[in-house]
Structures are given as C-alpha cells and as structure tokens.
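Chain letters run A, B, ... following the sequence lines, proteins first, then strands; residues in each count from 1. What you see below is based on every heavy atom in this structure, not just the backbone, and it leaves out hydrogens, waters and symmetry mates.
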Number of protein chains: 2
Amino acid sequence: MDLIERKYRILQAIIDDYILTALPVGSRTISKKYEQNLSSATIRNEMSDLEELGYLDSPHTSAGRVPSNKAYRLYVDRMIHPAPLTPEELSYIQSCFDTRAQQVGTLSAKLAKVISGMTNYTTAVMTRTPRAEQKIGHIQLVPVSDRRILAVLVTQSGAVKQQMLELDQSIAPDALYAVSRILSERLNGCPLSQLKKALLDIAENEGKGIRGMLREIAGIPDEAADDGTLVVGGRSNLLGFPEYSDVGKAQELLKVLETRDKMISLLSRQGEMEITVRIGPETGIEELRDCSVVTASYRLMDGRVNTVGLIGPTRMQYGRAVSVLEEVGKALGRAINRQEIGDDDGTPRTGR
Amino acid sequence: MDLIERKYRILQAIIDDYILTALPVGSRTISKKYEQNLSSATIRNEMSDLEELGYLDSPHTSAGRVPSNKAYRLYVDRMIHPAPLTPEELSYIQSCFDTRAQQVGTLSAKLAKVISGMTNYTTAVMTRTPRAEQKIGHIQLVPVSDRRILAVLVTQSGAVKQQMLELDQSIAPDALYAVSRILSERLNGCPLSQLKKALLDIAENEGKGIRGMLREIAGIPDEAADDGTLVVGGRSNLLGFPEYSDVGKAQELLKVLETRDKMISLLSRQGEMEITVRIGPETGIEELRDCSVVTASYRLMDGRVNTVGLIGPTRMQYGRAVSVLEEVGKALGRAINRQEIGDDDGTPRTGR
DNA sequence: GTTAGCACTCGAAACAAAAGAGTGCTAACA
DNA sequence: TGTTAGCACTCTTTTGTTTCGAGTGCTAAC
C-alpha cells in the first residue's frame with residue numbers, strides 16, 4: 001500500500017532529521033526538506049497517525065515530534081542507510097591495525113581510541129578468552145626472588161596468564177626448570193577447566209619436594225580466571241551531545257561507565273560474530289534508558305574475544321556506527337590473515 | 001606582629017569557607033562564622049588589603065571574595081590543617097591492600113578506585129619501572145605456536161615484560177629451553193639499558209641457528225620499553241563540582257584525562273617519596289589552569305613505581321587529599337613489609 | 001485525499017522590576 | 001589609631017510579564 005510506504009518515508013525523514021539536529025521535528029521542516037510535494041498539513045496528519053501508532057512522541061503541543069524507541073527499533077531494523085566510509089577513513093582504519101608485532105595488551109586501548117575517534121561516541125572494549133576453549137600449552141615457572149616465582153601459563157591459543165606465587169620454602173632455579181618441563185609435558189592440551197584437578201593429581205603422585213608448590217599452583221586458575229579486561233575510551237565525546245548538557249545526566253552516565261559490573265554485563269550479552277544494536281531499555285541498564293549501544297565481537301588470533309560497545313544517545317548515527325564496527329572487524333580479520341594464524345576472518349555480520 | 005597574624009587567620013577562614021561552599025565569601029560570613037569578635041566592617045578592611053596583596057580576587061563588586069592561586073599556595077605551604085582519617089577509614093584502606101597474593105596488574109586500578117572513592121576527586125595512576133634500575137634476572141622463551149614465541153623477561157626486581165615474537169623459521173621447544181638457559185646465565189645482572197648490545201654480542205659469537213632469533217630478541221627492549229601504564233578513576237566525581245556545571249569545562253577536562261601524553265607528563269614530574277601539590281598553572285597543563293593536582297609516588301616490592309595524582313578543582317580539600325595519599329602510602333608500605341621484600345617502607349613524606 | 005486557513009498552545013526569549021548580597025567610604029567612637 | 005555603624009552604590013539573581021514564534025489540530029474548501 002502506497003500510503004503505508006509514505007508514512008514510513010515520513011517517519012524516516014523525521015528520524016534522520018532528529019538524529020542530525022537533536023531538535024523536535026515539525027511538519028513544515030519535513031514538507032520543506034524531505035517531502036516537497038506534500039504540504040505541511042498533510043505531513044501533520046501523517047505525524048498525528050504516527051504518534052498514535054507509537055512511533056513519535058511530542059514533548060509538548062507546540063514542539064514538533066521526537067522519535068520513540070519503537071521508531072528507532074524500526075529504523076535500525078528496516079530503514080537504516082549504510083554509511084560507507086571514505087577511502088581515507090578505510091585506509092586509516094587499516095593502518096591502525098597494521099603493526100606487525102602487536103604489543104601485548106594494547107589492542108583494546110587502540111580499538112577504543114580508533115572507534116570512538118571515528119564515531120564521536122564512547123567506546124567500551126572487553127577482552128576475554130572463553131574459558132571452555134582454553135587449553136594448556138605450556139607452564140613456565142620463573143624464579144623472581146628467593147621465595148617468589150612467577151607462574152606463566154600459556155594456552156594453546158597463545159593467551160598468557162601470569163600469577164605471582166609465594167612459596168613456603170625456597171627452591172633452586174634448576175629445580176624450577178625441571179618442574180616446568182614436567183608440567184608442560186603432562187598438562188599439554190589439558191582444558192583450563194580441569195587444570196586444577198590435573199595438578200592435584202600430579203601433586204599426589206609426584207615426589208615430596210614439589211608437592212606443596214604444586215598445590216599452590218593448583219590455586220591459580222581460579223584467581224587468574226580471565227574475567228575480562230575492560231577499557232573505555234572517548235568519554236569526553238558524550239559531553240558534546242546536547243542531551244548531556246545537563247551535568248546530572250552526564251554524571252549518571254559516566255558513573256555507569258565506571259561500574260565494571262554493569263559494563264561487563266552490557267558487553268557480555270553480545271554473541272559472537274554479529275553486530276547488535278540495543279536501544280534504550282533494551283540495554284538492560286536503567287541508567288542507559290536514553291542511550292543506545294551498538295556492539296560487535298572480534299575473535300583474535302590468540303583465542304581472545306574482544307567485544308566492542310559503542311555508547312551514545314538513542315539519537316545515534318546507527319548507519320555510521322555499524323559501518324565503522326564492520327570495517328574495524330574487516331581490518332582485524334585481514335591483520336589476522338596476514339599473520340596466517342587466524343581461525344576465521346573476524347568479520348562480524350550485520351543483524352539485529 | 002599581631003595584625004599580620006589576624007590577616008592570615010582571616011585569609012585562612014576565607015579559603016576554608018570557599019573550599020567548603022564554592023561560593024564567594026563575604027565579610028559578614030567571616031565575621032559571623034569565624035571571627036565573631038570582629039565586625040564585618042573590619043573584616044572588609046582586611047579583605048581589601050588581602051586583595052591588594054594578591055591573595056583574593058573579587059568576581060565583581062558585590063560578590064564577596066575568592067581565593068587566588070597565590071592564596072592556595074600559601075594555604076598549602078603554611079596553613080593546611082591535617083585531616084586525620086577516622087579509624088574506619090584507616091582500616092578500610094588497610095583492608096584494600098591486604099590481599100596476600102596481589103593479582104598482577106590490578107594494583108593501579110585498585111589504587112585509583114580507593115583514592116578517588118575516599119576523596120571524591122579524580123585519580124590517575126601511572127605505573128612504571130625506572131629503566132636505569134632494571135637489571136635482567138631471567139629471560140624465558142616460551143613456545144606459543146609454530147613460529148611464535150613469547151619472550152618473558154623478568155628483571156631482578158621482579159618486574160615482568162613480555163613480548164610476542166615471530167620467527168623466520170620454526171624452532172623446537174627443547175632448543176628454546178636451551179637458549180633460555182644460556183641467555184639467563186649470560187645476561188643475569190645486565191642492565192636493561194645494555195641488553196640490546198649484550199644480545200647482539202651473543203648473537204655474534206653464538207651458533208648460526210639462533211643468531212636470527214637473538215637479533216629479533218634484541219629488538220625487544222625498545223618496543224617493550226616501559227613507558228608506563230596509566231589508569232584513571234573517578235571521573236564522574238568531577239561532574240559533581242559546581243565549577244564543572246559548565247559542560248564545556250567538564251569536557252575540556254575529560255579530554256585532558258584522555259590524553260595519555262599530558263597525563264604522563266603531569267605525573268612524571270613527581271619525584272619519589274614526597275607528596276607534591278601543584279596549583280592551577282603550576283601543573284604545567286593549560287587545561288588544568290583551574291585545577292589542582294596532588295601527587296605521590298609509591299615504590300613497590302617489584303621495583304615498579306606507582307605515581308598517583310589526585311585531580312580536582314583548585315578549591316580542593318588539600319588536607320584530606322594529603323592525608324589519604326599518606327595513609328595509602330603507609331598501607332602499601334605495611335603490605336610490602338609483611339611480604340618481607342620491601343626495600344623501603346613506601347611511605348611518602350609530606351612537603352611542597 | 002489534500003490543502004489552506006486559523007485559532008490555540010506552549011516554550012523560549014526579551015525585558016523590567018525587585019530583591020539581596022556585598023562593597024567602599026565616611027564619620028563617629030573607644 | 002584601630003574599630004565600627006551607617007549608608008549609598010553596584011551588580012547579580014530572581015521573579016514576573018510580555019512578546020514572539022514554532023508548531024499543532026481542526027475545519028472547510030478544493
């Protein structure tokens with residue numbers, strides 16, 4: 001039906017305009033800028049219908065209309081326009097993830113910086129290694145001082161965990177090497193989840209001297225459990241939006257960004273390999289009721305999974321956000337392939 | 001001279017009051033709340049003098065006075081009152097740094113959280129190991145995948161650097177162990193600054209097979225140069241201060257906090273073992289012209305140095321800030337002693 | 001179904017007046 | 001001579017009022 005089509009066109013125009021200006025959109029604006037062959041009165045009628053359908057809200061009688069969350073949902077699902085990046089932007093992204101020997105632990109920060117830089121929103125990056133997939137590669141005990149050793153645990157996928165241990169008695173470096181070797185041999189391929197048991201097993205059967213130490217090592221996996229690194233970047237961007245010219249609101253939002261639990265829960269919801277958009281209450285976090293969050297996950301060469309969340313007002317440039325996340329995904333994928341280790345191309349697909 | 005003494009008392013009262021209320025202080029307020037045996041007229045005269053001396057500014061004729069940076073300087077140097085923490089607060093701090101086996105890398109975040117939580121200011125924590133003091137303890141090469149190895153470098157003080165390396169050819173784990181052992185033996189005690197040369201030396205004299213690898217390893221120290229970890233916490237606190245009810249100012253400040261270089265330079269100025277207060281322009285950072293920064297350094301068991309900076313409006317509760325930093329220092333010191341490794345007690349002394 | 005026209009609503013901006021906080025100065029006081 | 005009461009003056013803040021304009025909803029005509 002043609003009418004329906006037109007309604008949606010008008011709705012889209014309203015959303016587009018509102019995303020651009022943050023100002024309630026009036027019928028005249030639409031009739032002038034978007035639908036020049038329709039009079040403002042006609043638009044008015046349509047808008048009235050759209051309000052009744054729940055797609056528009058009016059702050060007050062004489063203020064034009066504002067898209068509702070329902071409208072944003074529709075917009076994201078059906079009428080988002082892709083915002084292809086310029087060649088310069090593409091090559092910029094490429095160059096960011098190009099370095100051959102990526103410094104360990106810097107990637108999250110770089111992701112946050114690049115993404116929030118390109119979108120003007122705030123970016124949260126969570127890095128973690130799915131526990132189930134982690135299998136022991138090597139265990140290395142490194143003497144640090146008399147009674148302290150550093151246990152370095154390398155998973156088969158290349159992730160590294162380290163934990164400082166204090167021993168009851170001192171132990172000679174050579175003995176440590178020996179133990180390292182035994183452990184690495186015996187535990188190779190052991191899933192991280194069963195490490196503890198395996199260690200205790202060895203402790204039982206093995207000679208007296210190291211038993212105590214093994215017991216202590218057995219405690220590692222729990223403490224070192226990778227509950228994720230969290231990096232947030234681009235907070236100052238938030239304050240640039242008129243919706244946060246109220247300091248109170250800005251503060252509330254900043255506080256959420258500082259609350260690790262909330263951020264982790266926000267990002268944990270993201271499945272792998274798909275870009276997800278959550279609008280207002282869909283975020284599941286009360287304080288984000290007026291925000292939207294676009295998330296994507298990237299699987300890295302070493303088994304880690306980076307989940308990226310873009311946080312901005314519901315009036316977000318969704319097309320742009322999705323494009324940037326997509327291109328970053330592709331760039332990461334290419335970087336992985338170049339290093340010939342990638343187990344998949346790291347490119348997220350778009351979707352709800 | 002008694003007169004002088006009184007002037008300073010009045011100045012102190014003004015500063016105290018302003019720190020508390022953030023409102024320009026009038027003569028009546030002082031006469032009522034602080035100097036009940038002096039009339040407001042007298043106070044007025046004194047205030048007029050103080051303004052002439054450069055200790056007070058008046059925003060406009062009928063608005064009371066506001067302390068100048070010069071006044072804060074005097075305040076910090078001469079009339080700061082210590083703000084002893086309550087027993088509960090003390091034991092809270094204690095408990096925060098009590099954990100026996102501190103997770104590697106968590107300390108900065110904890111410091112930032114505890115300190116900004118207790119002061120309501122923003123905290124930046126920089127961790128780094130003074131390059132000059134780092135001497136090689138052990139080098140361990142850990143096989144990760146076919147051509148990738150993880151080089152773990154442990155300094156004598158226990159700091160750990162790691163770097164992923166890609167090799168031109170694959171190498172057997174056993175060979176790696178051998179190389180690790182040789183390197184550890186030969187390089188033990190070698191200052192980090194000379195590591196590169198030492199490695200290249202070995203590469204010259206040593207067998208063909210590993211030469212390439214050694215060359216690559218020689219590249220590590222530069223890349224892995226510990227230019228410091230930076231953690232910032234408690235940003236949302238800033239927005240609670242009336243001086244940042246102007247979103248523009250808040251944004252400017254947040255942006256500085258996001259600029260790694262500026263933060264590093266801000267914190268690098270702090271010498272060891274002393275609490276330093278820098279007021280406004282003294283911070284050396286233009287955007288912080290209306291902020292004060294209180295910094296302290298803590299030397300940790302593993303040789304790392306944590307420099308903590310408290311950032312807030314110049315109208316800062318200096319006494320409180322210094323007290324908290326002092327107590328945190330003491331708590332860290334105790335934690336180090338308990339672990340019987342500390343090379344000093346980590347307690348900063350107070351001073352300009 | 002579309003549109004012109006118009007009365008009506010309501011916030012934002014502009015303006016004016018009043019209130020209030022604080023100062024500086026003068027003159028009197030101890 | 002230092003202190004203080006008193007008062008005129010200044011300047012911001014608050015409050016109220018008016019005006020303006022954007023936008024709507026409805027009706028009637030096309």
Side-chain angles (χ1 to χ4, degrees), chain A residues 1-11 13-15 17-18 20-68 71 242-243 245-246, chain B residues 1-11 13-15 17-18 20-68 71 242-243 245-246:
Chain A
M1 187 134 157
D2 211 41
L3 259 185
I4 293 283
E5 153 101 30
R6 190 179 71 180
K7 249 191 193 64
Y8 284 149
R9 245 185 18 244
I10 292 176
L11 180 56
I14 294 172
I15 300 177
D17 202 73
Y18 187 70
L20 217 64
T21 64
L23 263 30
V25 187
S27 53
R28 245 182 85 80
T29 311
I30 299 299
S31 132
K32 274 200 158 175
K33 286 211 291 184
Y34 300 88
E35 300 281 344
Q36 285 158 0
N37 43 0
L38 290 181
S39 79
S40 67
T42 311
I43 307 281
R44 240 175 352 256
N45 291 331
E46 296 285 31
M47 284 170 90
S48 180
D49 291 355
L50 284 168
E51 180 166 2
E52 208 156 298
L53 290 169
Y55 290 112
L56 295 179
D57 294 329
S58 38
H60 55 87
T61 32
S62 71
R65 304 300 209 295
V66 162
S68 67
E243 21 273 282
S245 52
D246 172 13
Chain B
M1 185 138 158
D2 209 40
L3 260 184
I4 293 282
E5 153 100 31
R6 189 178 73 179
K7 252 193 190 60
Y8 284 148
R9 242 181 26 240
I10 291 176
L11 180 56
I14 294 173
I15 300 177
D17 202 73
Y18 187 70
L20 215 64
T21 64
L23 262 30
V25 186
S27 53
R28 247 183 82 82
T29 310
I30 298 300
S31 131
K32 275 201 157 176
K33 288 212 291 185
Y34 300 87
E35 299 281 345
Q36 287 158 3
N37 43 358
L38 290 180
S39 78
S40 68
T42 311
I43 307 281
R44 260 201 302 283
N45 290 331
E46 297 285 30
M47 284 168 91
S48 180
D49 291 354
L50 284 167
E51 179 166 3
E52 208 157 296
L53 290 169
Y55 290 113
L56 295 179
D57 295 329
S58 39
H60 56 86
T61 34
S62 70
R65 303 308 212 286
V66 162
S68 68
E243 22 272 283
S245 54
D246 172 12

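- Dashed line: the shortest gap from a side-chain N or O of A:Arg65 to OP1 or OP2 of D:dT24 is under 4.0 Å.
- Here the closest heavy-atom approach between residue B:Ser31 and residue B:Ser39 is recorded as CB-C, 4.0 Å.
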What string of B, S and - do you get for nucleotides 7-16 of chain D 5' to 3' if you count protein non-hydrogen atoms under 4.0 Å? ---BBS----
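- When the C1' atom of D:dG6 is taken as reference, atom CG of B:Asn45 falls 14 Å away, rounded to whole Å.
- Heavy-atom distances to DNA chain D give each of A:Arg28 and B:Asn37 a nearest nucleotide, and the one nearer the 5′ end belongs to B:Asn37.
- Screening B:Leu11, B:Asp49, B:Ile15, B:Ile14 for a side chain to side chain contact (heavy atoms under 4.5 Å, CB included) with B:Tyr55, the sole residue that qualifies is B:Leu11.
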Please test A:Arg6 against A:Leu38 for side-chain contact (heavy atoms from CB on, under 4.5 Å), starting from the C-alpha separation and ending with a verdict. CA-CA 10 Å; A:Arg6 190 179 71 180; A:Leu38 290 181; 3.5 Å; yes
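- Among D:dG23, D:dT4, C:dT23, the nucleotide with an atom closest to any side-chain atom of A:Thr29 is D:dG23.
- When all heavy atoms of B:Ser58 and B:Glu51 are compared, the pair lying nearest together is OG-OE2, 2.9 Å.
- Using a 4.0 Å heavy-atom criterion, one finds that B:Ser27 contacts the sugar-phosphate atoms exclusively.
- Put simply, the side chain of B:Ser27 never gets that close to the backbone of B:Ile43: no donor and acceptor are under 3.5 Å apart.
- In terms of modelled atom types and a separation under 3.5 Å, the side chain of B:Gln36 and the main chain of B:Lys32 share a donor-acceptor contact.
- At whole-Å resolution of the value, CZ in A:Arg6 and C1' in C:dT3 are 12 Å apart.
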Dot-bracket for DNA chain D, 5' to 3', Watson-Crick and G-U pairs with both distances under 3.5 Å, [ ] for crossing pairs, | for partner on another strand, reads ||||||||||||||||||||||||||||||
